[in-house]
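Atoms within a ligand are numbered from 1 in the order they appear, just like the ligands themselves.
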Amino acid sequence: MTALLEVENLGVHLPGDMPVIHDATLRVDEGEVVGVAGESGSGKSMTASALLGLLPPGARTSGAARLHGVPQPGGSGTSTVDLLGLRGAEWNRVRGTEIAMVFQDATASLHPMLSVGRQLTEHMRVHLGMDKSAARRRAVELLDRVRIPDPDRALRAYPHQFSGGMRQRVAIASALACHPRLLIADEPTTALDVTVQAGILRLLDELRTETGLSVLFVTHDLGVLASLTARSYVFYAGRVMETAPTPELVTRPRHPYTAALLRARPHADESWDQGARQPLQSIPGSPVTPATAPPGCPFAPRCTHAIEECTTAVPTLSAAGPAGHELACVVRPDVTEALA
Ligand SMILES: Nc1ncnc2c1ncn2[C@@H]1O[C@H](COP(=O)(O)OP(=O)(O)OP(=O)(O)O)[C@@H](O)[C@H]1O
């Protein structure tokens with residue numbers, strides 16, 4: 001697999017020296033769908049925002065986020081760009097063209113006062129230098145690709161004239177307008193009904209197969225993670241606690257936090273029957289934020305396996321078992337047992 005994005009030891013501090021991400025390391029390969037999961041406040045969106053240069057003003061970052069194969073200005077070959085080092089207009093080389101995004105609320109990506117056609121074609125005219133009729137042809141193609149019925153008519157419509165699911169499809173079409181290689185999707189299906197959500201997930205999977213698009217998919221829903229992603233990262237209090245190929249992660253978790261998340265998951269999806277017969281168990285205690293995390297492992301106060309050492313030493317990610325499975329835990333108890 002060829003790496004498209006390599007994030008190494010990402011740290012984010014908000015103004016007031018408030019830590020929100022610590023030492024996050026993650027990788028997305030070409031044509032791969034990678035998941036980022038965790039409870040509310042665990043730092044999923046902040047990680048996505050750092051990769052898009054959309055952190056709040058005054059935020060400080062450390063580490064590196066290398067995007068490979070970015071065309072050089074003037075069209076002379078490609079180079080690797082550290083996203084954390086981009087400033088102001090330099091983002092025009094990357095945002096929208098190399099990396100695009102879709103959010104939970106499609107209205108955040110679409111202008112309410114502009115027709116769908118205008119939004120789609122303006123992107124392409126500005127970034128790809130297309131003339132009006134070529135941009136219109138591509139807009140029709142894009143709407144067709146995201147399965148919007150009657151694309152010609154849809155071009156003349158405004159975002160509010162679509163249902164939530166259709167609006168998210170339009171937002172995806174708009175994100176794809178300039179042929180990005182990486183799509184960052186931050187909870188794009190969370191606000192949708194289960195059946196509409198399944199349609200959007202199928203669409204993203206088709207786009208990956210048809211166009212080789214890579215996707216970094218942020219979700220708090222482990223069922224969605226299991227149905228779409230090949231590999232996943234589990235965040236807690238701004239740290240990566242565990243990463244593994246997703247089928248392995250959801251059936252043989254090794255971190256007590258991942259196991260607790262799986263036990264706390266409502267199991268509507270019968271096909272994922274590992275755990276479907278288990279009663280729902282909430283995670284004891286309350287989640288901590290990166291700013292309020294105790295010394296040592298941030299999960300230690302809620303972890304039934306914690307030992308003295310967990311309250312002092314911050315565990316770092318290291319290899320555990322089959323290829324690509326890593327976890328940050330000093331105890332490494334057998335947690336899979338309890339899920340079987
Ligand atoms: N604009 C902000 N100003 C101050 N703190 C913030 C801001 N946005 C997020 N935070 C804090 O940063 C931490 C990480 O938040 P983030 O939004 O990345 O979490 P998340 O995992 O995406 O949660 P959710 O699923 O609720 O969106 C949290 O502790 C949150 O309180």
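Open room surrounds CD on Glu309; 12 or fewer heavy atoms of other groups in view lie less than 6.0 Å from it.
No side-chain donor from either of Ser227 and Arg202 sits under 3.5 Å from a side-chain acceptor of the other. With 3.5 Å as the limit, one finds no donor-acceptor pair spanning the side chains of Glu30 and His68.
Closer than 4.0 angstrom to ligand 1 by heavy atom are Leu14, Met18, Val20, Glu39, Ser40, Gly41, Ser42, Gly43, Lys44, Ser45, Met46, Glu187, Thr289, Pro290, sorted by chain and number.
Looking at Thr229, its side chain does come within 3.5 Å of a backbone N or O of Leu225 through a donor-acceptor pair.
Under the 30°/60° scheme for interplanar angles, the aromatic rings of His127 and His123 are found to be tilted.
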Please tabulate, one pair per line, all N/O donor-acceptor pairs under 3.5 Å involving side-chain atoms of residues 8-20, not counting sequence neighbours.
unit_1 : atom_1 : unit_2 : atom_2 : d
Glu8   : OE2    : Arg66  : NH2    : 2.6
Asp17  : OD1    : Arg60  : NH2    : 2.6

